[in-house]
Amino acid sequence: MYRTKTCGELRLADAGQTVTLAGWVQRTRKMGGMTFIDVRDRYGITQVVVEEASPLFEVANRLGREWVVQVTGAVGERSSKNTHIPTGDIEILATELRVLNESQTPPFTIEDQSDGGDDLRMRYRYLDLRRTPVRRNLELRHRMTMEVRRYLDSLGFLEIETPMLIGSTPEGARDFVVPSRMNPGQFYALPQSPQTLKQLLMVSGMDRYFQIVKCFRDEDLRADRQPEFTQIDCEMSFVTQEDILQTFEGMAKHLFRELRGIELEGAFPRMMWADAMKYYGSDKPDTRFGMRFVELKDLFAQAPGFTVFDDAKYIGGICATGQAAYTRKQIDQLTDFVKRPQIGAKGLVYARVQDDGSVKSSVDKFYTQEVLQQLRQRMDAQPGDLILILSGDDAMRTRKQLCELRLEMGARMGLRDKNTFSLLWVIDFPMFEWSEEEGRLMATHHPFTHPKDEDIPLLDTDPAAVRADAYDMVCNGVEVGGGSIRIHDPELQDKMFRILGFTEERAQEQFGFLMNAFKYGAPPHGGLAYGLDRWVSLFAGLDSIRDCIAFPKNNSGRDVMLDAPAALEQKQLDELCLNIVAPQK
RNA sequence: GGUGCGUUAGUUCAGUCUGGUUAGAAUACAUGCCUGUCACGCAUGGGGUCACGGGGUCGAGCUCCGUAUGCACCGCCA
């Protein structure tokens with residue numbers, strides 16, 4: 001046995017015991033006549049003392065950072081305590097000190113506040129994972145999957161694995177593909193989600209399924225998007241949308257209770273997609289704060305000499321409470337912010353409500369105080385408030401711009417606190433979206449999503465107006481999960497494929513397996529998938545999901561530690577019959 | 001496919017606006033001193049292809065163009 005105790009568990013009550021610890025040298029402090037060694041493992045840090053008189057003194061002074069050591073000695077009370085760490089009252093007076101392994105000087109110091117940048121941390125991720133903050137994220141992730149399994153198991157869900165090598169489907173994200181050696185010229189695809197497989201499990205009568213499962217999407221990365229990521233994938237039979245929302249709202253509450261000690265009271269608010277877009281300009285509104293949009297188009301008639309609003313199809317405002325003291329410079333910063341190419345607004349109109357109730361705005365020259373007072377009333381603005389207005393000739397685009405402005409103001413006003421959580425359901429998503437690129441309607445969620453019963457007649461007359469039994473769970477402006485009731489009627493499914501522009505042959509070719517299964521008695525079913533990485537990030541207050549993934553990819557989809565992806569040997573390529581010539585080395 | 005910001009010591013950064021002697025700091029590392037440190041302290045020392053290529057200039061870390069690469073974002077992500 002290499003150790004009898006860990007480096008995090010010894011306390012004053014253990015004084016007098018002889019123990020053996022093993023771990024990494026965090027650092028040594030040589031005082032001349034004595035040397036302190038901080039030994040670290042994943043449980044904590046314990047101080048070891050070696051005095052000059054000890055035969056171990058020479059070894060102790062030779063130790064370098066990150067050497068692996070084994071120490072035996074008596075637990076003693078420290079004469080001067082360290083109140084910063086749990087083991088700070090005790091130390092080990094070493095009687096044995098063995099070097100289990102030496103270490104090169106690490107490229108960055110293993111400390112909570114790392115001095116390594118992202119790229120270096122990824123290159124030496126195994127060292128980065130020795131750092132407490134990163135390790136804690138993985139610990140939290142572990143506890144979360146344990147709690148998910150506990151909750152779902154208690155409700156009778158079965159965890160069932162589905163294959164990683166499946167067929168490619170052109171709908172949705174790009175697939176990662178895997179060539180098949182035994183079937184030359186043919187390819188598997190890695191699942192973007194086990195969507196159709198879990199629906200088949202419902203046909204099989206599995207009733208309540210879940211899986212904590214890797215999913216793969218060959219799309220560009222973001223701070224919250226990795227090419228492989230983990231879903232908590234769930235499906236239930238004989239349920240309504242209401243049943244599903246209840247079940248998974250329960251799971252969210254369970255996770256908050258067990259992992260954050262937060263009791264979420266009452267049912268989660270539900271917001272129709274159309275309202276989310278109208279009041280927040282987003283299908284994932286951050287509801288930690290208000291500042292809802294107010295439409296102002298009818299208020300601002302054409303004014304001589306002022307052309308900004310002339311072509312506006314949409315004029316919308318938000319009211320920033322108590323921000324009337326914003327300086328000209330701050331307003332200019334906001335204007336620059338909305339004019340950035342990523343946002344693309346033309347400009348910003350502002351109005352301050354003065355202490356006496358009068359409104360001082362950037363459009364004073366063009367609108368009477370009467371109109372401005374109506375504005376103030378419409379915005380429900382009080383003295384001291386700042387009204388910000390955007391306009392544009394494309395209502396949807398302008399709402400998105402206003403959404404960015406709202407989030408920016410929320411951040412500036414400190415209203416986006418990482419320890420405040422505001423959850424809601426966004427429901428009644430539109431069934432279809434028009435794709436300019438494809439020149440056809442595309443499924444907003446996926447082609448198996450059930451339309452709302454009352455909208456089914458519209459499928460024939462006005463498909464773009466059809467809403468779906470689809471829902472997202474949103475927390476603090478992050479989509480943490482989403483799902484839908486699925487179609488279980490083959491005829492309705494056929495109709496959906498037709499609207500989506502599938503020929504019968506193509507629908508059969510790509511989804512024939514599912515359509516055939518549905519001919520043998522598909523139960524009504526629906527489900528949801530949570531993004532595990534996003535949940536962990538949210539609970540840990542992370543800016544990027546990378547920090548809760550042991551070995552993530554960088555912005556370009558590369559694993560800089562493994563140096564993957566990489567070219568293959570010609571022999572491997574030849575076996576796969578890909579007719580690719582390997583690059584010369 | 002696009003936009004923005006970056007790339008200088010092992011590491012984190014300053015220096016770039018306003019080109020001009022030997023490119024600095026902190027930290028890490030090495031050596032020495034120190035018996036109560038815990039961000040130990042003190043002293044000394046080593047450590048640089050200023051990402052790469054090109055232009056312009058008497059002269060470039062600094063200016064211009066291109067490339068690579070990192071991060072954030074837009075497009076994309078059923």
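Here is the naming used below: chain letters follow the sequence lines, and residue numbers restart at 1 for every chain.
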Student: A:Phe57: which residues meet the ring-ring contact (aromatic ring centres under 6.0 Å, His included) condition with it, sequence neighbours left out?
Tutor: none
Student: Check RNA chain B against residues 462-488 of chain A and give the residues with a non-hydrogen atom under 4.0 Å, in numerical order.
Tutor: none
Student: First locate atom CD1 of A:Ile37, then atom CG of A:Leu21, and finally report the distance between them rounded to the nearest 0.5 Å.
Tutor: 11.0 Å
Student: So, A:Thr6 and A:Asp41: side-chain donor and acceptor under 3.5 Å apart, yes or no?
Tutor: no
Student: Taking atom P in both B:C62 and B:G53, what distance in whole Å separates the two?
Tutor: 13 Å
Student: Contact class for A:Gln195 vs. all strands (heavy atom < 4.0 Å): base, sugar-phosphate, or nothing?
Tutor: base
Student: Rounded to the nearest angstrom, tell me the gap between atom CG in A:Asp336 and atom C1' in B:U3.
Tutor: 16 Å
Student: State the CZ-CE distance between A:Arg467 and A:Met431, to the nearest 0.5 angstrom.
Tutor: 13.0 Å
Student: Strictly by Watson-Crick or wobble contacts shorter than 3.5 Å, is anything paired with B:G41, and which nucleotide is it?
Tutor: B:C33
Student: What integer distance in Å separates A:Arg534:CZ from B:C77:C1'?
Tutor: 9 Å
Student: Does B:U16 have a Watson-Crick or wobble partner in any strand here, with both distances under 3.5 angstrom, and which is it?
Tutor: none
Student: Just the rounded figure in Å: distance from P of B:C77 to CD of A:Gln231.
Tutor: 16 Å
Student: Between C1' on B:U27 and CD on A:Glu111, what's the gap in Å once rounded to a whole number?
Tutor: 9 Å
Student: Could you check how far CG of A:Asn61 sits from P of B:U35, rounded to whole Å?
Tutor: 12 Å
Student: Say you draw a straight line from CZ of A:Arg225 to NZ of A:Lys553; how long is it, rounded to the nearest 0.5 Å?
Tutor: 15.5 Å
Student: Please tell me if the side chains of A:Val466 and A:Ile456 come closer than 4.5 Å, counting only heavy atoms from C-beta onward.
Tutor: no
Student: Hey, does A:Cys215 have a side-chain heavy atom less than 4.5 Å from the side chain of A:Phe229?
Tutor: yes
Student: Hey, does the side-chain of A:Arg225 have a donor or acceptor N/O within less than 3.5 Å of a partner on the base of B:C76?
Tutor: yes
Student: Under 4.0 angstrom, heavy atoms only, what part of the nucleic acid is A:Gly117 near: base, sugar-phosphate, or nothing?
Tutor: sugar-phosphate
Student: Expressed in whole Å, how much space separates the P atoms belonging to B:C52 and B:C58?
Tutor: 24 Å
Student: Please confirm whether the shortest side-chain N or O distance from A:Arg27 to OP1 or OP2 of B:A39 is below 4.0 Å.
Tutor: no
Student: Give none if B:C5 has no partner; otherwise give the nucleotide forming a Watson-Crick or G-U wobble pair with it, both distances under 3.5 Å.
Tutor: B:G70
Student: Are A:Arg131 and A:Asp128 ion-paired here, with the side-chain N under 4.0 Å from a carboxylate O?
Tutor: yes
Student: Looking at the rings of A:Phe293 and A:Tyr280, which for Trp means the six-membered one, are their centres under 6.0 Å apart?
Tutor: no
Student: Do A:Arg546 and A:Ile549 touch side chain to side chain, with heavy atoms closer than 4.5 Å?
Tutor: no
Student: In residues 548-566 of chain A, which ones come under 4.0 Å of RNA chain B, going by heavy atoms?
Tutor: A:Asn554, A:Asn555, A:Ser556
Student: Nearest of B:A72, B:C34, B:C76 to any side-chain atom of A:Ala223?
Tutor: B:A72
Student: Verify the contact: side-chain N or O of A:Arg29 to OP1 or OP2 of B:G41, cut-off strictly under 4.0 Å; return yes or no.
Tutor: no
Student: So A:Phe429 and A:Trp273, would you call those rings parallel, tilted or perpendicular, with 30° and 60° as cut-offs?
Tutor: tilted
Student: Does any residue of residues 33-57 of chain A have a heavy atom under 4.0 Å from RNA chain B, and if so, which ones, in number order?
Tutor: A:Gly33, A:Met34, A:Phe36, A:Gln47, A:Glu51
Student: What interatomic distance, in whole Å, is found between P of B:G2 and the corresponding atom of B:U63?
Tutor: 24 Å
Student: When both hydrogen-bonding distances must be under 3.5 Å and the geometry is Watson-Crick or G-U wobble, what is B:G56 paired with, if anything?
Tutor: none
Student: Nearest 0.5 angstrom please: A:Asp469 CG to A:Lys452 NZ, how far?
Tutor: 5.0 Å
Student: Less than 4.0 angstrom between a side-chain N/O of A:Arg546 and OP1 or OP2 of B:A72, yes or no?
Tutor: yes
Student: Quantified in whole Å, what is the C1' atom distance between nucleotide B:A51 and nucleotide B:U69?
Tutor: 8 Å
Student: Please give the distance between the C1' atoms of B:A25 and B:U3 as a whole number of Å.
Tutor: 34 Å
Student: Just wondering, do A:Met473 and A:Trp535 contact through their side chains at under 4.5 Å, heavy atoms?
Tutor: yes
Student: Take atom P in B:A68 and the same atom in B:C42, then report the distance between them in whole Å.
Tutor: 47 Å
Student: State the pairing partner of B:G48; accept Watson-Crick or G-U wobble contacts with both distances under 3.5 Å, and report none otherwise.
Tutor: none
Student: Quick one: which of B:A28, B:G36, B:C77 gets closest to the side chain of A:Met31?
Tutor: B:G36
Student: Is there a side-chain contact between A:Gln231 and A:Tyr530 (heavy atoms, below 4.5 Å)?
Tutor: no
Student: A:Tyr126 vs A:Tyr124 aromatic rings, parallel, tilted or perpendicular, using cut-offs 30° and 60°?
Tutor: perpendicular
Student: In whole angstrom, give the distance that lies between atom NZ of A:Lys30 and atom P of B:A43.
Tutor: 18 Å
Student: Between C1' on B:G75 and CG on A:Leu221, what's the gap in Å once rounded to a whole number?
Tutor: 14 Å
Student: Has the side chain of A:Glu91 got a donor or acceptor atom sitting under 3.5 Å from an opposite partner on the base of B:G36?
Tutor: yes
Student: Can you list, by residue number, the residues of residues 62-84 of chain A that have a non-hydrogen atom closer than 4.0 angstrom to RNA chain B?
Tutor: A:Arg65, A:Arg78, A:Ser79, A:Ser80, A:Lys81, A:Asn82, A:His84
Student: Taking any heavy-atom pair under 4.0 Å as a contact, classify A:Thr169: base, sugar-phosphate, or nothing.
Tutor: nothing
Student: Which nucleotide, if any, forms a Watson-Crick or G-U wobble pair with B:A26, using both distances under 3.5 Å?
Tutor: B:U11
Student: Is there side-chain contact between A:Glu66 and A:Arg40, with heavy atoms separated by less than 4.5 Å?
Tutor: yes
Student: Take atom CG of A:Leu93 and atom P of B:U35, then tell me their distance rounded to the nearest Å.
Tutor: 17 Å
Student: For A:Thr87 and A:Gln47, test the side chains for any donor-to-acceptor distance below 3.5 angstrom and give the result as yes or no.
Tutor: no
Student: When all nucleic acid strands are considered with a 4.0 Å heavy-atom cut-off, which category describes A:Arg174: base, sugar-phosphate, or nothing?
Tutor: sugar-phosphate
Student: In whole Å, what separates the P atom of B:A26 from that of B:G41?
Tutor: 12 Å
Student: Please list, pair by pair, any protein nitrogen or oxygen found under 3.5 Å from a nitrogen or oxygen in nucleotides 8-10 of chain B.
Tutor:
unit_1	atom_1	unit_2	atom_2	d
B:G10	O2'	A:Pro107	O	3.4

Student: Considering only the C1' atoms, how many Å lie between B:G19 and B:C38, rounded to the nearest integer?
Tutor: 48 Å
Student: May I ask you to test the A:Val19-A:Glu9 pair for a side-chain heavy-atom distance under 4.5 Å?
Tutor: no
Student: On the 0 to 90° scale, with breaks at 30° and 60°, tag the A:Phe497-A:Phe502 ring pair as parallel, tilted or perpendicular.
Tutor: tilted
